[in-house]
Every structure is written in structure tokens, then in C-alpha cells.
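Not measured: the values here are computed from a predicted model. Letters go in sequence order (proteins before strands), and every chain restarts at 1.
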Amino acid sequence: MATVVSASDQSRFIVPIGPQHPALKEPGHFEFTVDGEIITGASARLGYVHRGIEKGAESMNWTQCLYLLERICGICSHIHSIAYCQGLEKLADIEISPKARAMRTLVAELERIHSHMLWWGVAAHEGGFDTLFMYTWRDREIVMDLLETISGNRVNYSVNVIGGVRLDLSPEQVTKIVSGMKKLEERTKHYLEIVTNDSSFLARTRGIGVMTREEAQRLGAVGPTARASNVCRDVRVDAPYAGYHEYPVKIVTDTAGDLKARFVVRIKELFESYRIITNVAQNMPEGELKARRVPRKIPAGNVISRVEAPRGELFYYIESGGGEGPERIKVRTPTLPNWGSVLTMAAGLRLADVPMLLVGIDPCFSCNDRLIRLNPDGKQQTLTWQQLRDRGIEYYR
Amino acid sequence: MQRRSILDQLKSWARVNSPWAIHYNSGGCNGCDIELLATTTPRYDLERFGIKLQGSPRHADILLATGPATLQSIEPLRRIYTQMPDPKYVVAIGSCALSGGVFHGCYNVLGDLSRILPVDAYIPGCPPRPEAIIYGIVALLNSVRNSDQKITFTSDIELDIAEPVLFPRERGEITQPNRQPHADRYLRRES
Ligand code: SF4
């Protein structure tokens, strides 16, 4: 970290942080303009994790893409593959069995648990509460074990295939899942108490980074960040996919809109997840795991597929030219819309609150480093192929 | 084998018993990072080997690098590596860091950390299990204990590490488009 003094304006300091920095585990660069301790402006430079996945996908076939896209993000890998498979199934008109749908829901919810627990451990760590970090990560191992017994891998489970799932639950696994959920529920109650009652924790979270409902809507926040500001939006309810028709979820919202509310919303969401998982595991429908015939070539067309990732709405646009691989895949991940909210909320806060605020939206850089370009003045701009090409040549010269 | 002096032995004893590590994600999918983090938590408890994850390259002995090295992260990686005091070791975690893994062939990845850093230990897996990570790091420590070889390393990628410019000149003076993106960044001013 270093301090850059702008030559023309000696009273304003810009504190650049990153890309390697102690607070977050992933690279991102931030510049905070500060006046003493108080932040007056913030900007982010992302793109350190941009790998070119969307382009890479275009040179692969449909099945290979599945594994590539799963690795957009290691934390929410399953939800990426649901979004992708679901889109393809719609394009190719494949009906997947109730069992496959239930299985997808089950793993998606397990993933949500591990993601949320991971997040609030890390958030507690940023708040200087390392004990909570260690406890939550210890309990998170329960979910990791379950995921491993189901799929054989702790991260990147590859449960989905096009047209269904590849795994089934055995009766022992069901017992394990149910007892694991019971245990987690107890622990989570304890954590909810800590987050809402512990005075030193509250001092770091209550009233910090408040975002009103209007602001959340204006800035386009999604997921738990938006729900903590009382925006009632959840793809699992608004446009149910996979098994959420049969196993409906209740939306958890909070009116406060501060950091504490984001903690509370996520923790309460876990109770929903526990309920759904127990329900699904105990009432697993009978049927085929995957569709009998999955064509190698997917009919031409395009499709939009939306799912609720642990961090918010995940959006896939898939275009097929009728071949063995995609023409275009566009991914819009939940962290990106949430950045705007952080950068806006940062103004007026103290520099010391920044790590908590940054993790408050549960940022995931490897998801969000897609290439986009925004025009700050809101003007529209159209580039022809020739112009784009010239740019490329100019850039690489 | 050459006999080592008492001082050397003492030094490597100290090094091996409490190496501090710094972690940098050079563009991986997070999977390796969360497994690495899980390795430091109670179930796996990396700290029993005296290994501590911490934030500053200046304090670090080991660089734990994950991910396939995207083009933008080459420079930060190198910068972290040059800032670390000698002797220093690099552990590449995950298939990505070994060969590019699933991202092999994507336009923005280098795909192999050993092209830019002298990697001492490779831990394969996508992601490697926490046990594998522990095993890899301990294997590194064992080899450090038994040798004091100096590593010579040459990279096929030329890279100037831009010095941060603390007092930027007026923007108008920079006429040439700067080929070092990061120097550019430090020169950029709020408009
Ligand atoms: S090796 Fe696999 S899990 Fe690790 S960062 Fe790369 S893609 Fe992710």
C-alpha cells in the first residue's frame, strides 16, 4: 500500500489498495480518495482474474464447456452449471426428470450453505473476530463432507450433466445429510445470536454502509445485498427453476440495509436452506437420473437462463448456431452489479471500515471479471467490426 | 554431499520451523483459494507446522500462488516475488498453476507459473485437497531442511517492473502511450 499525492491538489489523498492485499483473498485494485480518515470517493479496477472464459468456451463443444464454465467460480460452481445446463435443455427441448431436478436443488442449497458460511467467516475475520472465523470454518467442514460424500469432490462437484445429473443419493447419505443439517441448524442459531447480540461485533456492523431500498434498486444490487435493503427479489421465487416449484423457498428480507442486516439475511437464509435440503433428501422422487437421448448438436437459437447464485442473480445468455459448440456465451455474475453499491456506500465512511464493507457484498472476483466497457457519461457508442479490429491492432502494436 | 556449516544448519532449522506464507490468486477460480484457507482452519490446521498466512510480501518466506497467471497478474506476481526477502520459495497450487488446467488455451492466461517464477513445489489437483496442500508444503520444507541450494532461474518472459511514480507529472507530458499498464495506472489522475 502506498499513498499517492496528487500534485495539483495536495489536500486530497488517494489510497490505492491492491491487487495483492491482506483483506481479500482475490486480486482487485481499489482507490479511495480520503480526507483524513474519511473516504470521499472510491473507485475499483477489476480484471486481474479475467481469463477469457467466454471466448474460450466458443472453441469447445457443449460437454467440455460444462466443465469450463463450472470453473468460472469455485465457490458457486454448481449454480453456474445449472444455469448452463438449464439453458441448453431449453434450447434442445429436453425434459429432465423430477429426480434430477430435486438433486440439482439439493446440491445448490448445500452449496449456498458452504458459500454463506465461508463468507461470514471471512467477514468476521475482516472485523478482527478471528474466533468466529475459525468456528464457522470448522462447522463448514460438515457441509464440505456432505458434498464430498455425494459427489466425490469438495469443490467443483460436476453433479450436472446436460439433461440431468450424474449422481444419486444412497439411504446412508440421506441419513448423513439429515443429521448434518440438524447439527448445522443448532450451530447457526448460536451464530445468529452472536451476530445480533455481541456488542463488539455490532459496533463494527450496525449502521455501517447503510443502503436504502431506493438506492439498492437504483444501483441494481442483487441477492442478499439487495434483500438486506428490503428489496424482495429472488430468482428462486420469482422464476422458479430446477426443483423450486416443488420445494418453494421463503424470501428473507431485512429493512435496516446496513452491514448487520446483510449478516442477518444470509444467516436466516441458511435456515431456509436446511429446511429445503432435509425436505428434498427425505422425499427424493423416483425416476431416471438423466434424459435418455441428449443430442450432440444443439438446435440453433438463443436462450436466457437465470438462477439465484448464493450472491444473487446469475444470468446466462447462450447462443447456438446448431453446431457442436456454442456460438456465444455471455455470463453476468452477481458481484458485478453489487460493486456499484459498495463504491457508493463507501463515501463518508472511515477507512478502517472498508474491509468489512468490501466483504459485505460477498465479492467474488473470479466470477465478475468479465470484460465490459461502460461509458461514464451515458452516451451510446457503436463500434463497427473495422473499428474494433483497428483498435485491436493498435493495442497490440 | 558437501558438509554444511553449523550456521547454515541453524539458519535452515529456523527457516523450516516457522515459515510465513503469502497467498496470491493469479486468476484461478477460487476453488484453490478456499481450500487453502480451509487448510489454515481447525480441521486441517496448517499452523501446527509454524506456517502462518499473512498479508505483506516483506514478511513472507513462501509464496503460495494459485491460478493460471492471467496476463494482468503477471506483474503483481513478479512484484510480490521481488519484494520477498531471500531465501524465498514458491508453491504452485492447483492444476491451473501447473499447466493452465481447464483454462489452457484461453487468450488471457499464461498457463504455467514456472514461466515467470521459480516454482519449488507443485501441488496438482483441481482443487487439491487440503491434505494435499499440507503434504506439498511439508515436502517443500523437508527439502529446504536438507539442502541449501541456490536456485538460478531464467524466464522467457521479459518484464520491467514499473516503479510507482509518487508525484505524477501533468498528464499532458506523457505523449507516448505507456507500454507498462501499471505505470499508467499510477500516473492516472482523477479528473
Ligand atoms: S486448479 Fe481448479 S480449483 Fe484450482 S483455481 Fe484452477 S480451476 Fe479452480
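- By the 4.5 Å heavy-atom criterion applied to side chains, Asn25(B) and Tyr48(A) are not counted as neighbours.
- Other residues, nucleotides and ligands contribute at most 12 non-hydrogen atoms within 6.0 Å of the OH atom of Tyr135(A).
- Residues of residues 136-143 of chain A lying within less than 4.5 angstrom of chain B, judged on heavy atoms, are Trp137(A), Arg138(A), Arg140(A), Glu141(A) in numerical order.
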Practice task
Please report the C-alpha distance between Val155(A) and Asn30(B) in whole Å, then the side-chain angles of each, then the deciding distance to 0.1 Å, and finally whether the side chain to side chain contact (heavy atoms under 4.5 Å, CB included) criterion is met.
Solution key: CA-CA 9 Å; Val155(A) 180; Asn30(B) 257 343; over 6 Å; no
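- When heavy atoms are compared at a cutoff of 4.5 Å, Glu148(A) approaches chain B solely by way of its side chain, counted from C-beta outward.
- Of the two parts of Ile80(B), only the side chain, counted from C-beta on, holds a non-hydrogen atom closer than 4.5 Å to a non-hydrogen atom of chain A.
- Note that CG of Asp33(B) is 8.0 Å distant from CD1 of Ile75(A), once rounded to the nearest 0.5 Å.
- With contacts defined as side-chain heavy-atom distances shorter than 4.5 Å, the pair Thr70(B)/His50(A) does not qualify.
- Taken to the nearest 0.5 Å, the CG atom of Asn156(A) stands 8.5 Å off from the SG atom of Cys32(B).
- Between chain A and the options Leu71(B), Ile22(B), Leu77(B), heavy-atom pairs under 4.5 Å are most frequent for Ile22(B).
- Separating the CE atom in Met60(A) from the SG atom in Cys106(B) is a distance of 6.0 Å, to the nearest 0.5 Å.
- The shortest non-hydrogen separation linking Phe103(B) to Ile53(A) is CE2-CD1, 3.6 Å.
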Problem - side chain to side chain contact (heavy atoms under 4.5 Å, CB included) between Cys29(B) and Glu70(A), worked out - result: CA-CA 9 Å; Cys29(B) 81; Glu70(A) 210 174 27; over 6 Å; no
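- Contacts between residues 110-120 of chain A and chain B, defined by a heavy-atom separation under 4.5 Å, are made by His114(A), Leu118(A).
- Note that NE2 of His125(A) and CG of Leu37(B) are 7.5 Å apart. Values are rounded to the nearest 0.5 Å.
- For the set Pro57(B), Gly28(B), Ser26(B), the count of heavy-atom pairs under 4.5 angstrom toward chain A peaks at Gly28(B).
- Note: Met134(A) CE to Asp45(B) CG = 7.5 Å, rounded to the nearest 0.5 Å.
- Evaluation of the salt bridge (Lys or Arg N to Asp or Glu O under 4.0 Å) test over residues 49-58 of chain B, restricted to residues two or more places apart or in two chains, returns none.
- By a heavy-atom distance cut of under 4.5 Å, Cys126(B), Pro127(B), Arg129(B), Pro130(B) are the residues of residues 122-132 of chain B near chain A, going up by number.
- Considering only heavy atoms from C-beta on, Arg43(B) comes within 4.5 Å of Asp145(A) through its side chain.
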